[in-house]
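Within every chain, numbering begins at 1; the chains are lettered A, B, ... in the order of the sequence lines, protein sequences first and strands thereafter. Excluded from the calculations below are hydrogen atoms, water molecules and symmetry mates; all remaining heavy atoms, backbone and side chain alike, are included.
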Amino acid sequence: MNTEQFISQKVAECAKALYNTEGAPLQFQKTRKEFEGDITLVAFPLTKLSRKSPEQTGTEVGEWLKANVPQVEAFNVVKGFLNIKLTKDFWLQQLSEIVSDKSFGVQQKGTSGKTVMVEYSSPNTNKPLHLGHIRNNLLGYSVAQILEANGHNVIKVNLVNDRGIHICKSMLAWKKFGNGETPQLAGKKGDHLVGDYYVKFDKLYKQQISELMATGVSEDDAKKQAPAIIEAQDMLLKWEQGDKEVVDLWKTMNGWVYEGFDVTYKQLGVSFDKIYYESNTYLLGKEIVNDGLKKGVFFKKEDGSVWIDLTADGLDQKLLLRSDGTSVYMTQDLGTAHQRFEEYKFGELIYVVGNEQNYHFQVLKLVLKKLGYDWSDYIYHLSYGMVELPEGKMKSREGTVVDADDLMEGMITTARETSQELGKLAGIPQDEQQQLFRMIGLGALKYFILKVDPKKTMLFDPKESIDFNGNTGPFLQYTHARIRSVLRKAQEQNLQPTTGTAVPGEREVELVKNLADFPQVVAQAGAEHSPALIANYVYELTKEFNTYYHDVSILKEENTEIKLQRLELLQQIGNVIKTATGLLGIEVPERM
RNA sequence: GGUCCGGUAGCUCAGUUGGAUAGAGCAACAGAUUUCUAAUCUGUCGGCCAUAGGUUCGAAUCCUAUCCGGAUCACCA
C-alpha cells in the first residue's frame, strides 16, 4: 500500500468520526520542501463539512490523526494545508516492503487480462528511416514496455507500407540507372540504396517537368505529362496485375530494404511481435464499406464512389471507396482494425502515428462507431509532433532529412570522443568500451526524445544532446554505474545489504519516499501512455540520490547497522533506475 | 475560411483531478575536491505563465474572445 492510500484511508476514518460522512472529498499532494511533513491534505474541500475555517479544519483533522494513528508523528497547518509527518518506523516499513518485492513497480505481463495492441514505426519501403521515425519508434516501444509493466498482454505490430507509386519510382530509377547494382556490390545498406534511387527518380522527374514547362506547358500539366511519372504509374498498374517481372523486382528491392531496416531496428533496440504488409491488407475493408452502404451509414455518388457525410459531427465528407471500386487509405484501415479485433479481441489498440494524421484517426474512430462497433472506443491515436533541428525544419520534401543510421552513428561517435577527452574508461577492455559508447550515445538520444511531451513539436540539437550533465540519459547511466560500483566494493568486503531496524535519517527518508512512488508512476504512465512521466520520475530520483551520495558516506560509516541499511537503500535505488530506464528502452551499464 | 494542437526564464523543457512564494537542466557568474567513480555537488542571476475578460476561497491549469506558430481539410498513404 502506498503512502497516499494509507493516509487517505485514515483521514476518511477521521472524517467519519468528526463529521459523520462517508466519501469525504480528500485531496492530497506531496509536501513542499519548504514545509515540514511528508504528505499534505488540502483542507479547503473539507470546510463544507466542518463548517469551520480551513485552518481550524486542518488542525482538527491533524489532532485526530495524531491521537488515533500511531504512524503519524506530527502535523502542522499552514494557510489551510495540513502537513502530516509520518514516523521513521513507517518509512522503514515502506523500505522493507520495497525490498521484499522482487519486481517492485512492475506487474507480470498478462496479469491484467487485458490485451493491448501497439502499432508503431510503419515505414515506407522506398527510403531509409529518418529522425521522425526515431521519435515514432522510441515512443511506440517505450509505451509498449510501460503497458506490459502494467500487466497487460501487449502485442507490438508494424504495418509496412510496401506498395504504391513511391516504390515504383525507386524501382523505375533502378531499372534505368542501376546496371544491376545490389547492396552487396555497392557496399551499402539496402534501404539506403533503394532510397538513393528514389532520389534519382525525383531528379529525373523534376528535370522533365522543367523541360516541359520551357515548351510552354503549365506546371500542373507538366507534372502529369512527364514521361517518368507515366512510366511509374504504368509500373504500378503492372504490379497490381501481377506482372511477373515487376513483382519480382519489387520483391528483390523490398528485400533489400527489410535487411536494412532490421539493422536500424536492432541498433535502436526496438522489436515487433508481428509485421503486417500493406500489400496483404490493402484490399481489406471493402466488405465493411458495403455493409455500411446497406445500413445507410454511407452513400454512393453518381460516379460510383462511396462516401460518408460527417458534416453533422463538424467534419467533412470523406471518401471510402474510389469510383473504380478500389480501396483508399481509410478503407484499408477500417479493414485492418476489424481484422485485428476479430483476431485478438483487444481492450485497446494504440496507433503511434504523427499528428499530421489526427484528422484521419478522428474519422476512423467515428466511422467505426457509426457502424456500430463498440470497440472503436478502444482505439487511441498516440499522436506526436515533428522533430525540428536547429538549422530548420525536418521535412523530407525540403531535403534536409537526418538519416536515422547516420544520427545514431553520430551519437556513438560523440560519446566516444567525449569519454576520451575526459580520460574515462581507460582501464576497460576495448570491446566493452565499444558497448558503452553505444549505450551512452543511444541512451542520450532516447532520453532526450522521450522526456518531451509527445504531442509537442520538439527541437533536437545533436550537438547539445550528449551533455553529460543535467537532465540527460548519460547522467542516469553514470549514477547507476556509481551505485553498482559501491555495491561491488561492499560485496568484496562481504557486506550484505539489509533493511535492519536502524532509524533512518531525514535524507534516507526522502529517498524512500521517492522510491515508494514508483509503482504509482508506472500506473499513471500506462494510463496516460506517457514515457515522459517515467523519465521525469527517474530523473528526480537520480538527482535526489546524487545530492545524498555527495555528502553521506556509506562504506565509511562506522555503525554497521546503518551502513548495511544504506547499502540496501542504494541497491533499491539502483534497481529502480534500471527498471525505469528499461521502460524507456535505455540500457544502463554496470560501470562506465 | 472550418477543425485540431501548441505558446511557461536568454535556450531546451516540467508543472498531477484548479491549491501554498510557478520549477528543473543548459548557458552566465561564484564556490566545493587527498572521492564510495567530480561525467558530481552547493549557491547567485534570470518570469506580465502570449493578450484581455470571466468562473471562485484560490487559475499557468477551466470558460469566452483575440494575437502568434504548426498541422489538417485529396478518387495520396
Minimum-distance nucleotide (side-chain atoms of [X] versus [options]):
X	options	result
A:Tyr329	B:rC4, B:rA77, B:rU16	B:rA77
A:Leu459	B:rA71, B:rC13, B:rG19	B:rC13
A:Tyr549	B:rC41, B:rU72, B:rU37	B:rU37
A:Phe35	B:rU8, B:rG25, B:rA20	B:rA20
A:Arg32	B:rG23, B:rA77, B:rG19	B:rG23
A:Arg482	B:rU37, B:rA20, B:rG6	B:rU37

**Message:** What I want to check is whether an N or O donor and acceptor connect the side chain of A:Thr457 with the base of B:rA71 at under 3.5 Å.
**Reply:** no

**Prompt:** Counting only distance, no hydrogens or angles, is the base of B:rA20 paired donor-acceptor with the side chain of A:Asn83 under 3.5 Å?
**Reply:** yes

**Prompt:** A:Gln357 near the nucleic acid: base, sugar-phosphate alone, or nothing, with a heavy-atom cut-off under 4.0 Å?
**Reply:** base

**Fill in**
Here the residues of residues 316-328 of chain A within 4.0 Å heavy-atom distance, strictly under, of RNA chain B are A:Asp316, A:Leu319, A:Arg322, A:Ser323, A:Val328

**Parallel, tilted or perpendicular: rings of A:Phe81 and A:Phe44 (30°, 60°)** = perpendicular

**Prompt:** Would you call A:Tyr539 stacked on B:rA24, i.e. ring centres under 5.5 Å apart with the planes less than 30° off parallel?
**Reply:** no

**Prompt:** Ring of A:Phe81 versus six-membered ring of B:rA20: centres under 5.5 Å and planes under 30°?
**Reply:** yes

**Sole residue of A:Ile134, A:Val402, A:Leu407 in side chain to side chain contact (heavy atoms under 4.5 Å, CB included) with A:Phe460** = A:Leu407

